[in-house]
Amino acid sequence: MILTPRCDFCDSPLVVTRYDCRDFDSSSIAAGIIPVGPGSIEAVLASKNFWAACAECAKFVEAEDLTGLAKYAESQFDISRMSASQLVMFRVHLRGTYKLFFENRIRVSGR
Ligand SMILES: [Zn+2]
């Protein structure tokens, strides 16, 4: 099985599994908006058919731990260049995107 090279939650290259998910737009109002410009980071977390996950993120997904997943993913991104307001938006975006993931995840019994 060929997996996406990077974890869709935290960008780790150590992908171990994937989750089926309906497509959704992570830049929707529900997920929050990331300001993109000089000095700001761009986090594109679009959903395309499935989400690849590393071992760490998979644990949070299996436990349906939205807060734990968002905290862990945030710790994997370089947030040192973000202003306080950008950091707030980034957290809203991460949490909102993962919330949409949980809501749109397609559960297949026996997996
Ligand atoms: Zn991950």
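First listed ligand is number 1; within each ligand, the first listed atom is number 1. Just so we're clear, the structure is a prediction, and the values are computed from it rather than from any experiment.
Distance alone, capped at 3.5 Å, is enough to place a donor-acceptor pair between the Asp8 side chain and the Ala52 backbone. Of the possible polar contacts, none joining the Glu103 side chain to the Leu100 backbone as a donor-acceptor pair under 3.5 Å is found.
In this structure, Trp51 and Tyr98 have perpendicular ring planes: the angle between them is above 60°, well past the 30° mark.
The six-membered or imidazole ring of Phe101 lies near that of Phe9, with a centre-to-centre distance under 6.0 Å. A centroid separation of less than 6.0 Å is found between the aromatic rings of Phe90 and Phe77.
With a 4.5 Å cut-off on side-chain heavy atoms, Val92 and Arg95 do not count as touching.
With waters neither drawn nor counted, the protein N/O/S atoms under 2.8 Å from the Zn ion (ligand 1) amount to 4.
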